[in-house]
Q: 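Right, I'll just put the structure down here and ask away after.
Note on naming: letters A, B, ... go to the chains in the order of the sequence lines (proteins, then strands), and numbering restarts at 1 for each one. Computed from a predicted structure; not experimentally measured.
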Amino acid sequence: MISPDQYSTLANELLSWFATNKRALPWREDYAPYRVWVSEIMLQQTQMERGVAYFQRWMEALPDIMSVAQAHEDTLLKLWEGLGYYSRVRNLHKAAKIIVAEHGGIFPEKYSAIRALPGIGDYTAGAIASIAFNQDVICIDANVERVFSRIFDIDTPVKQKHNMEFIRKTVAAMLPSGHAREFNQALMELGALVCSKKPHCSRCPLQQHCEAYHLGIPHERPVPTPKKGIQHIDVATGFLMHKGKIYIQKRPDFGVWAGFWELPGGAVEEGEAPEQAVVREFMEETEFPVQIEDKILVVKHGYTTYRVTMHCYFLTFAQKHSAEPVLHAATTYQWVSMDELNDVTLPAGHRKLLDHLQNDMRLKPLLQNS
DNA sequence: CATACGTGGCA
DNA sequence: TTGCCAAGTAT
């Protein structure tokens with residue numbers, strides 16, 4: 001077991017490894033607080049490669065905090081479309097307004113003020129305080145947890161309270177004063193590039209200090225928390241066509257995909273066929289009587305805790321009917337052309353559906369009907 | 001403390 | 001194909 005008198009040696013080896021192995025990332029050019037903040041929020045639960053592309057596009061559109069505060073939520077949502085965890089961007093918007101109102105538009109430097117902003121938890125507050133302002137503050141993410149679970153061969157689920165306390169305490173003891181910016185990033189970078197899920201011990205600068213390596217079991221760490229099985233659900237949805245346009249509605253501003261546009265639809269109930277479900281859902285959500293013209297396709301879409309099989313149909317009104325719905329599951333609605341559908345923000349599953357549909361020749365005659 | 005929240009890549 | 005997970009936060 002590594003002892004505290006080796007901590008400074010370990011930290012130095014880690015720092016010199018980072019100096020030559022760190023990736024060139026846009027926010028590492030100047031460590032401007034606004035850029036560090038946006039990068040940290042974007043990278044939460046998101047892979048680096050995707051995050052960087054979104055970051056560049058975001059910065060071109062919104063170069064400073066004021067521009068975020070003044071932007072319309074739909075603009076931000078569109079820039080975030082496809083990234084997932086959309087409460088992050090709504091919190092970013094709220095936080096930008098708070099920074100303008102309460103901090104004169106300057107990103108706050110004090111840890112407690114950073115931590116108090118919406119969307120910023122323990123990890124992100126520590127990351128910004130150390131990376132943007134080089135304050136002696138720890139930040140623990142899944143990479144750091146993995147690195148430490150191996151160095152100290154933690155043989156119980158790493159998320160357990162006593163393990164997390166141990167990791168926090170040890171990182172704090174190891175952190176070289178005045179070098180938190182480099183040290184924290186080095187720890188995370190090592191976890192991302194070397195001490196990854198599949199470990200690459202042969203190129204690890206901390207190999208000598210690592211207990212799991214010496215035991216020959218780095219791949220068995222960290223011990224995961226037991227998880228529940230993934231649920232499967234069937235969902236039915238449809239394109240209702242009327243006078244060459246398609247019906248879409250906007251979701252309420254709470255819950256999943258808040259403020260997103262979508263096609264009406266919902267879960268197929270026990271003993272129900274998807275064809276019945278789509279007709280029922282349109283009635284429940286819009287009071288539109290619809291009939292099925294054709295089945296378009298089935299799209300499968302995976303989420304963290306469940307898996308959706310989406311059945312999609314071409315629909316028309318079952319009888320002559322007003323184009324005005326009675327909304328029960330939406331805040332507003334519109335009839336759009338296929339082109340206009342590209343400009344609204346849709347959940348990824350719907351977007352996937354749409355991409356298949358753009359090439360479907362069956363669409364043309366239906367859209368020309370009235 | 002458990003659970004919800006999105007998505008795409010990978011084995 | 002299915003299951004797991006990658007720089008977490010809010011409730």
Q: Starting at the 5' end of DNA chain B, which residue's closest nucleotide do you reach first, K159(A) or A258(A)?
A: K159(A)
Q: dT9(C), OP1 or OP2 - any side-chain N/O from T124(A) closer than 4.0 Å?
A: yes
Q: Roughly, in whole Å, what's the span from CD1 in I140(A) to P in dG8(C)?
A: 12 Å
Q: If we take the P atom in both dT11(C) and dG6(B), what is their distance in whole Å?
A: 14 Å
Q: How is I41(A) classified with respect to the nucleic acid when contacts are heavy atoms under 4.0 Å: base, sugar-phosphate, or nothing?
A: nothing
Q: Nearest whole Å is fine: how far is dG8(B) P from L83(A) CG?
A: 9 Å
Q: Do H328(A) and E284(A) have side-chain heavy atoms sitting under 4.5 Å apart?
A: no
Q: Once you round it to whole Å, what is the distance between P of dC5(B) and CD of E81(A)?
A: 19 Å
Q: Do P118(A) and K94(A) have side chains that approach each other closer than 4.5 Å (heavy atoms only, starting at C-beta)?
A: yes
Q: Would you indicate what R146(A) reaches in the nucleic acid, counting non-hydrogen atoms under 4.0 angstrom: base, sugar-phosphate, or nothing?
A: sugar-phosphate
Q: Between Y247(A) and F288(A), does the ring centroid distance fall short of 6.0 Å?
A: yes
Q: To the nearest Å, how far apart are F260(A) CZ and dT7(B) C1'?
A: 11 Å
Q: I need the CZ-C1' distance between R50(A) and dC5(C), as an integer number of Å.
A: 14 Å
Q: Within the structure shown, what part of the strands sits under 4.0 Å from S39(A) by heavy-atom distance: base, sugar-phosphate, or nothing?
A: nothing
Q: Which nucleotide, dC1(B), dA6(C), dT7(B), lies nearest any side-chain atom of A348(A)?
A: dT7(B)
Q: Are L341(A) and Y333(A) connected, step by step, through hydrophobic side chains (Ile, Leu, Val, Met, Phe, Trp, Tyr) whose heavy atoms are closer than 4.5 Å?
A: no
Q: Under 4.0 Å: is that the gap between some side-chain N or O of Q47(A) and OP1 or OP2 of dG8(B)?
A: no
Q: When you measure from the side chain of Y123(A), which nucleotide among dA10(C), dG8(C), dC5(C) comes out closest?
A: dG8(C)
Q: With heavy atoms under 4.0 Å as the rule, sort L25(A) into base, sugar-phosphate or nothing.
A: base
Q: Looking at R57(A), is its backbone amide N or carbonyl O close enough to the side chain of E60(A) to form a donor-acceptor pair, meaning the two atoms are under 3.5 Å apart?
A: no
Q: Could you give the CG-to-C1' distance, from D141(A) to dA6(C), as a whole number of Å?
A: 10 Å
Q: If you compare every side-chain N and O of Y86(A) against the phosphate oxygens of dT7(B) (OP1, OP2), does one of them come in below 4.0 Å?
A: yes
Q: Would you classify G84(A) as touching base, sugar-phosphate or nothing, given that sugar-phosphate means primed atoms plus P, OP1 and OP2, and contacts are heavy atoms under 4.0 Å?
A: base
Q: Roughly how far apart, to the nearest Å, are dA6(C) and dC1(B) at atom C1'?
A: 23 Å
Q: Here's a test of your reading of the structure: between T46(A) and G119(A), which maps to the more 5' nucleotide of DNA chain C?
A: T46(A)
Q: Could you tell me the separation between the CD atom of Q160(A) and the P atom of dC1(B), rounded to a whole number of Å?
A: 10 Å
Q: Find the distance L77(A):CG to dG6(B):P and express it as a whole number of Å.
A: 10 Å
Q: Below 6.0 angstrom between ring centroids: does that apply to F133(A) and Y31(A)?
A: no
Q: May I ask you to say what M42(A) touches in the nucleic acid, namely base, sugar-phosphate or nothing, with a heavy-atom cut-off under 4.0 Å?
A: nothing
